[in-house]
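This report concerns only the one structure given below.
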Amino acid sequence: MKNEIKHAVTTVKVYHGYGHQKNLVVYGHVLAGKSVRPSKFSNNPINNIIHLARLFLVRPVPHVQLSLQWQNQTLHATTEVDGFFNFEWQSDFEIDAGWHLIKVHLLDGQGYKKTSGEGKLFVPHATQYGFISDIDDTVLVSHSAHTGKKLRVMFTKNPRSRKTFADVVKFYKLLALTHTEPSVPNPFFYVSSSEWNLYDDLNAFFKHNGLPKGAFLLNSIKKWYQLLKTGKTKHEAKLNRVTRILKAFPRQRFVLLGDNSQSDPQIYASIANNYPEQIVAVYIRNISLEKEGLTTETLNSIQNKSIETFQFQHTDQAIQHAKAIGLLV
């Protein structure tokens with residue numbers, strides 16, 4: 001219970017939370033040492049390799065107490081074995097839509113605040129659509145199906161030199177503003193097999209490329225000796241993350257965006273069959289041509305035929321399809 005006292009410097013990392021009055025969620029990690037954030041991005045592969053390696057040289061702090069002050073409510077949580085913490089609660093008051101600054105405090109053995117971390121909580125407007133998107137090989141060129149290429153890009157590139165797919169920023173910006181006012185953008189949720197180790201880098205990548213701001217739901221944190229296994233997660237884990245979003249927003253209608261390099265078609269088909277009233281459309285980027293037939297078969301297994309499905313190689317094809325079905329106006 002007093003693990004935090006052993007560390008001279010302890011970091012409370014708070015990730016973007018989300019929810020509404022009756023269902024608010026905030027995640028984070030408590031880690032020994034300072035947070036690794038590059039002061040500037042380098043094109044030197046050696047510097048990028050060192051930076052990435054440092055992201056996985058983490059020392060989670062388990063079984064420590066934290067508190068979060070929300071209006072007149074004081075909430076408490078305890079870190080798990082991997083330093084992960086989770087606050088879930090209902091607000092006593094109505095919440096304005098938008099982003100809300102929050103602070104999570106690490107408590108010492110006597111219950112006093114030792115250090116704190118800041119994050120943001122996203123409360124969507126009651127817009128017509130929400131968007132749940134994968135990241136690797138859906139937005140970010142990652143070569144997930146080819147281990148050698150994937151690791152080479154990861155180790156030698158930085159958040160500003162990593163590439164998006166052509167027109168994907170245009171597509172996502174159009175989706176963020178479809179059927180709504182510019183001051184009321186549609187909510188985005190980014191669900192990925194990438195680990196929480198990469199959270200700051202992903203945020204930097206999204207900001208640099210002008211992609212819609214949203215909440216991230218990532219994979220369990222990994223240590224240095226698991227680095228070569230990065231981006232690998234069980235089918236059920238990603239399925240559960242998407243399900244968590246749908247349950248948090250039962251009145252919202254969602255569009256699912258992914259690719260066929262791993263298991264997105266199977267996960268999204270399962271989601272569509274279990275939550276047919278909440279899913280409007282499923283878009284799958286055809287990264288793996290040898291899986292094209294299987295992807296089509298999987299999408300055809302969605303029982304509710306009013307759910308639009310589309311497999312595409314180029315983002316402009318998805319844009320044209322979204323316009324044809326009235327998703328984009």
Side-chain angles (χ1 to χ4, degrees), residues 131-159 161-175 188-195 198 201-202 205-206 208-209 211-212 214 216-219 228-239 241-242 254-272 279 281-302 307-322 325 327:
F131 297 91
I132 299 174
S133 175
D134 180 51
I135 298 175
D136 290 309
D137 285 325
T138 299
V139 176
L140 173 66
V141 178
S142 304
H143 307 290
S144 298
H146 306 281
T147 302
K149 286 185 178 180
K150 180 185 76 171
L151 293 175
R152 183 165 63 251
V153 169
M154 276 188 61
F155 278 107
T156 60
K157 301 294 183 180
N158 65 62
S161 59
R162 294 290 299 268
K163 301 297 183 183
T164 65
F165 287 93
D167 290 328
V168 74
V169 175
K170 174 184 176 182
F171 186 30
Y172 279 42
K173 284 183 174 179
L174 289 171
L175 293 175
F188 267 80
F189 301 87
Y190 299 105
V191 182
S192 173
S193 298
S194 293
E195 294 77 15
L198 302 173
D201 276 17
L202 287 173
F205 168 81
F206 272 70
H208 176 69
N209 286 283
L211 285 154
F216 289 84
L217 287 85
L218 306 180
N219 197 11
L228 296 184
K229 297 181 179 180
T230 182
K232 295 183 179 180
T233 187
K234 293 182 179 179
H235 179 112
E236 294 79 7
K238 193 168 183 178
L239 179 66
R241 288 181 219 132
V242 177
F254 286 91
V255 174
L256 308 178
L257 303 111
D259 64 86
N260 65 355
S261 66
Q262 298 186 56
S263 301
D264 286 348
Q266 292 78 14
I267 292 170
Y268 289 172
S270 177
I271 289 290
I279 306 303
V282 179
Y283 285 90
I284 297 294
R285 185 181 297 280
N286 186 9
I287 289 295
S288 180
L289 296 181
E290 61 269 23
K291 294 182 180 179
E292 182 175 354
L294 177 61
T295 301
T296 299
E297 182 180 335
T298 301
L299 294 178
N300 287 340
S301 72
I302 295 175
I307 297 175
E308 295 282 349
T309 63
F310 190 64
Q311 183 177 190
F312 62 96
Q313 282 186 268
H314 306 289
T315 311
D316 60 341
Q317 297 170 327
I319 293 173
Q320 293 306 313
H321 180 271
I325 66 172
L327 177 59

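Atoms OG and CG, from Ser192 and Asn219 in turn, are 8.0 Å apart once rounded to the nearest 0.5 Å. Separating the CG atom in Asp259 from the OG1 atom in Thr138 is a distance of 3.5 Å, to the nearest 0.5 Å. The CG atom of Asp136 lies 7.0 Å from the CZ atom of Arg162; values are rounded to the nearest 0.5 Å. Between the CG atom of Asn260 and the NZ atom of Lys291 there is a distance of 6.5 Å, given to the nearest 0.5 Å. A distance of 6.0 Å separates CG in Leu218 from CD1 in Ile135, rounded to the nearest 0.5 Å. How far OG of Ser288 is from CD of Gln262: 10.5 Å, rounded to the nearest 0.5 Å.
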For residues 163-171, which side-chain N or O atoms pair as donor and acceptor with protein atoms under 3.5 Å away, sequence neighbours left out?
none

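The shortest distance between side-chain heavy atoms of Glu297 and Pro265 does not fall below 4.5 Å. Counting heavy atoms from C-beta on, the side chains of Lys238 and Ser193 come closer than 4.5 Å. Side chains of Ser133 and Val139 form a contact here, defined as non-hydrogen atoms less than 4.5 Å apart. You'll find the side chain of Asn286 reaches within 4.5 Å of the side chain of Leu289, heavy atoms only. Taking the side chain as every heavy atom from C-beta outward, Ile271 and Ile279 approach each other to under 4.5 Å. Put simply, the side chain of Leu175 reaches to within 4.5 Å of the side chain of Leu257, judged on heavy atoms. In this structure the side chain of Pro159 never reaches within 4.5 angstrom of the side chain of Leu202, judged on heavy atoms.
Annotation: ring pair (Phe, Tyr, Trp, His ring centres under 6.0 Å) contacts of Tyr190 (sequence neighbours excluded): Phe188, Phe206, Phe216. Applying the side-chain contact (heavy atoms from CB on, under 4.5 Å) test to His321 and every residue at least two apart in sequence or in another chain returns Tyr283, Glu308, Phe310, Ile325. Among residues two or more places apart in sequence or in another chain, the side-chain hydrogen bond (donor to acceptor under 3.5 Å, both in side chains) test is passed with Asn209 by none. Applying the side-chain contact (heavy atoms from CB on, under 4.5 Å) criterion to Thr309, with sequence neighbours excluded, gives Val282, Leu299, Ile302. Every side-chain hydrogen bond (donor to acceptor under 3.5 Å, both in side chains) that Thr296 has, sequence neighbours left out, goes to Gln311.
Remark: side-chain polar atoms of Gln317 are paired, donor with acceptor, to backbone N or O of Gln313 under 3.5 angstrom.
Taking all atoms of both residues into account, the shortest heavy-atom contact from Ile287 to Ser261 is CG2-CB, 4.1 Å. Residues Asp134 and Tyr268 approach most closely at N-OH, 3.7 Å, considering heavy atoms.
With respect to Arg285 and Asp264, no salt bridge is recorded, no charged nitrogen being found less than 4.0 Å from a carboxylate O.
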